[in-house]
Amino acid sequence: MDKSYNFKENEDRIYQNWERKGFFQPKAGPSRADNPDNLKLEKDAKPYTIVLPPPNVTGTLHMGHAGMLAIEDVLIRYHRMQGERTLWVPGTDHAAIATQTKVEKIIEEEDKTRHTLGRKEFLARVNKIARESHDTIVGQCKKMGASLDWSREAYTLDETRNRAVNFVFKLMYDDGLIYRGERIVNWCPRCHSTLADDEVEYKEQKAKLYYFKYDKNFPIIIATTRPETKLGDTAVAVNPKDERYKNLIGKEFEVDFVGVALKIKIIADREVDMDFGTGALGVTPAHSAIDWVMAENNDLEIIKVINEDGLIKNNFSKYSGKNVEEARAMIVKNLNKSGLMEKEEEIDNKLSLCYRCDTAIEPLPSLQWFIDVNRKVEHLNGKSIKETCLEAVRSGIFGRDKIKIVPERFEKNYFHWMENLRDWCISRQIWFGHQVPVWYKSTVNNSQLTINKKEDIYVGVEAPEGEGWKRDEDTLDTWFSSGMWTFSTLAHSPDEIRIENGKLVIDSEDFKNFHPIEVLETGYDILFFWVARMIIMTTYALNDIPFQDVYLHGLVLDEKGKKMSKSKGNVIDPLDMIEKYGTDATRLSLIIGSTPGNDMRLSEEKVAGFRNLVNKLWNIYRYGIKNYELRIKNYEIDFDKISLVDAWIIKSIDDVILEITDCLENYKFSQAGERLREFTRDELADWYLETTKFQKSKEIEKVLGYTLINLLRLWHPFIPFITEVLWKNFSFNKQLIISEWPKIEKTADDKRKALKGVKFEIIKNAIIAIRNARAENKVEPSRKVKAIIYAGDNIGLIKENKALIKGMRTGIESIEIKESGPKPEKAIFVAVEGIEIYLLGAVDEKKEKKRLKESIERLRQLITMTKKKLSDKNFVERAPGAIVDKEKTRLEEFGIEKKKLEDQFKKL
RNA sequence: GGACGCAUAGCUCAGUUGGCUAGAGCACUUCGUUUACACCGAAGGGGUCCAAGGUUCGAGUCCUUGUGCGUCCACCA
């Protein structure tokens, strides 16, 4: 064995071996110990499912993905070892807008646009790039050691998923949930496309705020930065509390605004800020989202002023055909000329820009498809989507427990978002994605702004029969399809998806076995985008929840706390880290120190640190194998033959098994990793292994073997590769990945139960005391010294382990042990002779006294409190009997403990 | 403007329902190369747990207010 662990020799090889043997499939597990090649789990084994949040096929995986893979793989490997039928479904997301934009940028360099290429050829280009990206992503997942079941891989835009999308769309349409309506969208006049809200970029700039009246007879001065849109005003809104305008509310005026006739109604709206401008807002329903809502509430006429090229539409006299800047200049000029302009003021303004071309966004009304979140439907037991989704997390629904979000505080965010949810716009004017499954009679132009007659629209899974139908050119919001991810991935061909009695049916074994999934592990940044959408889609389509738990991880930031991005050049590539430090170290660096919902800073030093830890583990085994025969048939320990240190380490690993199991059951990955690190280095390597160099125990092979095999099992979910390599040193014919998770037997014999593990601490204390004594007095290392230990009651213990104390880096040549000395009896005292100083205490008398005093005081307080509690009628009446009994028991225990401490104190 | 979060050692962070002397990693100081490991070992220094007030026998932990920082949502007509 080499001095250092060579991960490069092992990782790819082992991954291929696992995959080839089918260990990533749900049938693999520890239940068939005798025949590892014929894996089969009992049918009644509990299923455990995670679906991988599908990475976008826009490029390569970053550290955030790596962290996600590491955490999910820990869960999957742990549950696999628990004997559950474990399934982790891989897949990728077509990420409609992101992918299309990326490809548009590429073809832009060839001086082409998607329009010059045409839909078919453009999509071919997109698909090619998506496929390349997909292959890279799959390779990266494998490098991370992720035990994903590749035989079940899915894609959000493949045929099976498309089938599910079309069916659910149709179901919702038939239920009246999906409707077509107008809404203000962010329109880029240059790209000729709508933009999602998060694709709009804001730029701080100075802008002019113009104060003017529409005409001489109009009573109110309004303020605006965009006079050209005022050609489409149909109202002026004021705050209902505003005394200045109160008496005008409800009145209507006919005005001549720079040569264009307008009808203006004065309306009241609480949204209006009384302190901005004149406190009066010219309402332009067609070109402002807020105004649109006001128009809906007040039943105002909608006049469109600007067209899709950013030009003023027809019928606006001389302004028609001008672009917005020209029109603005003309109107400002006219207002000045006619004396209607009151003043111009410079203000700070945020300009909305297209993130692609920096063109100013034009808010325009456009015909879109929506999902009504407030309509009550029979399919949801007469409730609305909103109500259902709130209930699913608040109290549970469809007979399931409530969906638990970890960390809990995000439940508040979820409720807040869901309560304020508006109808979900699901159509997008891009080509890459699930095309809306709607056809129109060819006599109707679907980009027009009129709503079609009902008989001219066909909604279905396949194209309609007959001539003259033309499909809607729009595609669906990417979250519409990824919202179905937990169940759509469990179908493996389009035939398995159908509608029955107005409900979606997934007719596959996998769906029956694995839905709903156990936990959705994803980033908190997509709680609303994705997690909420999954709850919407699943509760509606299946009348079930998509998942029981949601675990939200944080973002992986660079060491300065900044988001990693290519433009900043601060990206740490997971593949680089794997190449340099190995997958195991990379995984640990992402798990330890990462707590749910909190961002994490990552540096290369951190990864290097964990490489060192992995190497430590390697050397622990190297030592063990070199010095002991560990390939033995059984590791049953004869408790009569073990030494004090053996008992200590057995007790310790047993405790660790319980702790790690508890941590993993409760999503405390970081804590589990830290505890394992502590045990591995501080307890096993630094103490137990050191003692084996000096102690003679007959059972040492079994004890060491028992400790090591359990340690490997506990570490395996975190660092799968090195643990699998080391596992070979033991006499198991089953690979570690499908071995049992360690358990502490309930039927353990009395001797095991009696293991306290604390006595060795006394020896440890003596050794540490001697080391300290030497260090503090700066003894030359070569100087040979003699130690005298006053051991008190522990004299037997110390005597038995004299050799150990001498050997454990104490630098002591000889030891004399005395029962009593010049100091009190209970404590151990160490004296180092042969040098100037004479005596040092292992236990500081002053400190000890203080500690005892404080402990006694605390117990006194506890007793007071408990007595008070028990005498409180309210408490006794309110608390169940068990709690009252518990309090009584505690009171007794406190009393005994207090007495003990008081005795100790007296002796001091 | 609305909501949520964070503030603990020089740095990065743990600290589960209030309860042993507030912990870890890195960094720092001193010592050490004894055949598992220099990708190493031993010992050590360093904290008014942001401030003020409150609840409690007891607060890093719960409540209120303030300060600083961050994130998300809405958005300035």
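The chains referred to below are lettered A, B, ... by the order of the sequence lines, with proteins before strands, and numbering in each begins at 1. Fair warning: this is a prediction, and the values are worked out from it, not measured in the lab. Just the heavy atoms: all of them, side chains too, but no hydrogens, waters or symmetry mates, feed the values below.
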Visitor: Taking N and O atoms by type only, does the side chain of Lys693(A) place a donor or acceptor under 3.5 Å from a partner on the base of rU34(B)?
Guide: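 Answer no: no donor N or O sits under 3.5 Å from an acceptor.
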
Visitor: Could you tell me whether Asp686(A) contacts a base, only the sugar-phosphate backbone, or nothing, with contacts defined as non-hydrogen atoms closer than 4.0 Å?
Guide: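 The answer is sugar-phosphate, as Asp686(A) gets under 4.0 Å only of primed atoms, P, OP1 or OP2.
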
Visitor: For Phe721(A), is there any backbone N or O sitting under 3.5 Å from a side-chain donor or acceptor partner on Asp584(A)?
Guide: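 Between the backbone of Phe721(A) and the side chain of Asp584(A) there is a qualifying donor-acceptor contact (under 3.5 Å).
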
Visitor: Just to be sure I understand the rule, does Phe528(A) reach a base, reach only the sugar-phosphate, or reach nothing, if contact means heavy atoms closer than 4.0 Å?
Guide: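 Sugar-phosphate contact only - Phe528(A) comes under 4.0 Å of backbone atoms but never of a base.
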
Visitor: Both Tyr623(A) and Lys668(A) contact RNA chain B. Which one's nearest nucleotide lies toward the 5' end?
Guide: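 Nearest nucleotide further toward 5': that of Lys668(A).
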
Visitor: Rounded to the nearest Å, what distance is computed from the CZ atom of residue Arg809(A) to the P atom of nucleotide rC31(B)?
Guide: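 After rounding, the gap between these two atoms is 18 Å.
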
Visitor: With both distances under 3.5 Å as the test, what is the Watson-Crick or G-U wobble partner of rC40(B)?
Guide: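 Answer to the pairing question: rG32(B), which forms a Watson-Crick or G-U pair with rC40(B).
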
Visitor: Counting any heavy atom closer than 4.0 Å, what does Glu604(A) reach on the DNA or RNA strands: base, sugar-phosphate only, or nothing?
Guide: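 The answer is nothing, as Glu604(A) stays clear of every strand by at least 4.0 Å.
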
Visitor: Report yes or no: is there a donor-acceptor pair, N or O only, under 3.5 Å between the side chain of Arg611(A) and the base of rC39(B)?
Guide: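 Under the 3.5 Å cut-off, the side chain and the base do form a donor-acceptor pair.
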
Visitor: Check the angle between the aromatic planes of Tyr667(A) and Tyr551(A) and answer parallel, tilted or perpendicular using the 30° and 60° thresholds.
Guide: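 Plane angle between 30° and 60°, so tilted.
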
Visitor: When rounded to the nearest Å, what value does the distance between C1' atoms of rG5(B) and rA22(B) take?
Guide: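 Looking at atom C1' only, rG5(B) and rA22(B) are 23 Å apart.
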
Visitor: Between Ala289(A) and Ala685(A), which has a closest nucleotide on RNA chain B that is more 5'?
Guide: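 Comparing both residues, the 5'-ward one is Ala685(A).
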
Visitor: Lys616(A) side chain N/O closer than 4.0 Å to the phosphate oxygens (OP1, OP2) of rC37(B)?
Guide: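 No, no such contact exists.
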
Visitor: What are the two closest non-hydrogen atoms of Ala608(A) and Tyr581(A), and how far apart are they?
Guide: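 Where Ala608(A) meets Tyr581(A) most closely, the heavy atoms are CB-CE2, 3.7 Å.
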
Visitor: Have Trp292(A) and Thr284(A) got a donor and an acceptor in their side chains that come within less than 3.5 Å?
Guide: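 Side-chain D/A pair, Trp292(A) to Thr284(A): absent.
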
Visitor: Which base sits across from rG45(B) as a Watson-Crick or G-U pair, both distances under 3.5 Å?
Guide: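 Because no pair has both required distances under 3.5 Å, rG45(B) counts as unpaired.
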
Visitor: With both distances kept under 3.5 Å, what pairs with rG5(B), Watson-Crick or G-U wobble?
Guide: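 The answer is rC69(B), by the H-bond criterion.
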
Visitor: What integer number of Å spans the P atoms of rU16(B) and rU56(B)?
Guide: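 After rounding to an integer number of Å, I get 23 Å for this pair.
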
